[in-house]
Amino acid sequence: ADVILVARSQTKELNPPVPLKLDRAKVTFLPEQDLTKFNAAGKIEEGGRLRVKGQVINDTGKIDLNLEGFRLAATEIANLVVLPVELQAGTIDSKLDITLPKKQNPQLKGTAKLNKVTWQIAELAKPFTRSNGKLHFDGYKIEIDRVSTRLGEVAAVANGMLDTEAEGNYQIEATTKPVEIDKIIEALELEKPGIAIEGKVKSDLNITGSLPSPKINVAAVTTTPIRIDKVDFKSVNANLDLIDNYLWVRQFTGTPQVGGEITGTGRVQLDGRQNIFFDARAKNVPGKQFVRNYNDNLPIDIGLVSGSAKFLARGGNLDTLQAVDGEAKFPLGGGTVIVDNFNYLPGGWQSQLKTVNVDFASLPIAKNSAENIGKGKVNTTLEVTGDKSSFELGEIKAEGVASLNTIGGTVNVPNLSLERGTWVADANTSQLNLNRVFPELPTEFNGLVTGTFDLTGNVEGETKIDGQGNLDLAEG
């Protein structure tokens, strides 16, 4: 006989009809028990054979049936049974006991084997394809048992549980094989970030939450060296959450090839705006080598840098990049440089800079200084600003105070400014031992200097001194 079955969806609308060709069928009416029993076997026109037996409780409309199927078309199963996922292709072998209450979702008990099945979670852009493995049904719960599948070009093995009761619940874990990062971005149909990311990662995906609003967590670790923008990393691991229109970076840890560690957290808006926020921290990163990634050479060797900053960009466009609340610390010339309140904004950048006991000779302006001046320790507090396009010393503007502690005493600089490569300083000394600072002077100048001076110079190391003071000599 030819039979057409029509089921209703979760919204109670009629699903597409499913034509059957029955080889045999038997229906038994038992009015005294208010039952109708049936037993049939045949095939679905779209593919596969089935054998079904069961009963209908007439006064409630409840149906209990046992279904055995071989190579059943997955699309036709989806038209007959309400499932939390959409079946789009492939075949299914099944041995199931199914209860169909009149006004409730079906309950299933038994096992189904997937054969190259394509299935879709509504909230994901791409379907899972070429899925093979077993599903175990127990009432409203579906256990996923080592189902191998693909999301785009990303191969994975999935395990876990689906609870279809009420709003339901996802508890699915999937482990991916190593794959290029851009393949994962394509699989999730995310917009490509504004910076290049190259390398392979393997990941553990966790899908949790209710059926209408799943949450996707990705724990990823690199399997090859990786490049982010122009920086090469030995390794990277990250923990990400995909929730609604946001990709949340819960944890990021990277080890640059040059050394040190970079960590951070942040978020990317995925609704087309692609606004980026990232809170980054660096620990013991070789500053000079790191900057060379961008073909820039610093005028000084800043050593190992530790610090933090918050980065923002609009529309995934790095031309809009801003850095705020930056701070850093690094060794220089036997002392320490401290950077506070660093802000990199559309109009330029600005920061507060302090040096603590830094050898004067380690500074670019000390090229032609006397030996004992070069050994002096510099302490400064400066407000520093510059153009967004350059960090060259000749393009920087600075104002502040400084002091130079030498073997012969201290030179105080209450006013220091730098602009367009030229610096100007008001200096004063008290009881400075001139001969100890300049031992090449004749011995008759072995005395103490107190005075005020105007100093000018440039970043190339040229210096001019004008001033007045008193020199106390042994002879008067």
> Do any N or O atoms from the side chain of Ser306 and from the backbone of Lys329 form a donor-acceptor pair under 3.5 angstrom?
Replying inline: no
> Looking at side-chain heavy atoms only, is the closest gap between Thr149 and Trp119 below 4.5 Å?
Replying inline: yes
> So, for Pro214 and Ile207, which heavy atoms are closest and what is the spacing to 0.1 Å?
Replying inline: CB-CG2, 4.1 Å
>> Which label fits Trp248 and Tyr246: parallel for a plane angle under 30°, tilted from 30 to 60°, or perpendicular past 60°?
In response: tilted
> Under the criterion side-chain hydrogen bond (donor to acceptor under 3.5 Å, both in side chains), which of Lys134, Lys113, His136 is the partner of Asp145?
Replying inline: His136
> Does the Asp279 side chain pair with the main chain of Phe277, one donor and one acceptor, at a distance under 3.5 Å?
Replying inline: no
> Any side-chain heavy atom of Ile262 sitting closer than 4.5 Å to one from Pro256?
Replying inline: yes
> For Gln269 and Asn275, does a side-chain donor sit closer than 3.5 Å to a side-chain acceptor?
Replying inline: yes
> Taking the side chain from Ser362 and the backbone from Leu332, do they hold a donor-acceptor pair closer than 3.5 Å?
Replying inline: no
> Any side-chain heavy-atom pair from Lys116 and Asn132 closer than 4.5 angstrom?
Replying inline: yes
> Got a second to check how far Leu114's CG is from Ile92's CD1, nearest 0.5 Å?
Replying inline: 5.5 Å
>> Quick one, Thr75 and Leu87 - any side-chain contact, counting heavy atoms below 4.5 Å?
In response: no
> With distance as the sole criterion, is a donor-acceptor pair present between the side chains of Asn458 and Thr422 under 3.5 Å?
Replying inline: no
> Just checking, is any N or O donor in the side chain of Asn405 or Thr410 under 3.5 Å from an acceptor N or O on the other one?
Replying inline: yes
> Can you tell me how far CG of Leu353 sits from OG1 of Thr380, rounded to the nearest 0.5 angstrom?
Replying inline: 6.0 Å
> Pick from Asn237, Asn239, Thr176: which one makes a side-chain hydrogen bond (donor to acceptor under 3.5 Å, both in side chains) with Ser203?
Replying inline: Thr176
>> Using 0.5 Å steps for rounding, measure from the CG atom of Asp426 to the CG atom of Asn415.
In response: 5.0 Å
>> Given 3.5 Å as the limit, does a donor-acceptor pair link the side chain of Ser131 with the main chain of Val117, or not?
In response: yes
>> Can you tell me if Arg150 has over 12 outside heavy atoms packed within less than 6.0 Å of its CZ?
In response: yes
>> Measuring only between side-chain heavy atoms, which start at C-beta, is Trp349 closer than 4.5 Å to Val384?
In response: yes
> Quick check: are there more than 12 heavy atoms from other residues, nucleotides or ligands sitting under 6.0 Å from CZ of Arg250?
Replying inline: yes
> Would a 4.5 Å heavy-atom cut-off, applied to side chains only, mark Asp241 and Asn217 as touching?
Replying inline: yes
> Which pair of non-hydrogen atoms, one from Val305 and one from Gly287, has the smallest distance, and what is that distance?
Replying inline: CG2-CA, 3.9 Å
>> Is there a side-chain contact between Thr406 and Lys375 in this structure, where contact means two heavy atoms from C-beta onward sitting under 4.5 Å apart?
In response: no
> Between the main-chain N or O of Thr456 and the side-chain N or O of Trp423, is there a donor-acceptor pair closer than 3.5 Å?
Replying inline: no
> Under 4.5 Å between any side-chain heavy atoms of Val218 and Leu242, yes or no?
Replying inline: no
> Can you tell me how far OG1 of Thr263 sits from CZ of Arg281, rounded to the nearest 0.5 angstrom?
Replying inline: 4.0 Å
>> I'd like to know whether Phe233 forms a side chain to side chain contact (heavy atoms under 4.5 Å, CB included) with Thr222, so could you lay out the CA-CA distance, the side-chain angles of the two residues, the decisive distance to 0.1 Å, and finally the verdict.
In response: CA-CA 10 Å; Phe233 288 84; Thr222 56; over 6 Å; no
> Can you check whether Asn357's main-chain N or O pairs, donor with acceptor, with Asn379's side chain at less than 3.5 Å?
Replying inline: yes
>> If you count every heavy atom of other residues, nucleotides or ligands that lies below 6.0 Å from Lys377 atom NZ, does the total exceed 12?
In response: yes
>> If we count only N and O atoms by modelled type, under 3.5 Å, do the side chains of Gln251 and Thr253 hold a donor and an acceptor together?
In response: yes
>> Restricting to non-hydrogen atoms, name the atom on Thr355 and the atom on Val337 that form the minimum distance, rounded to 0.1 Å.
In response: CG2-CG2, 4.2 Å
> Ignoring hydrogens and geometry, is there a side-chain-to-backbone donor-acceptor pair from Thr320 to Arg314 under 3.5 Å?
Replying inline: yes
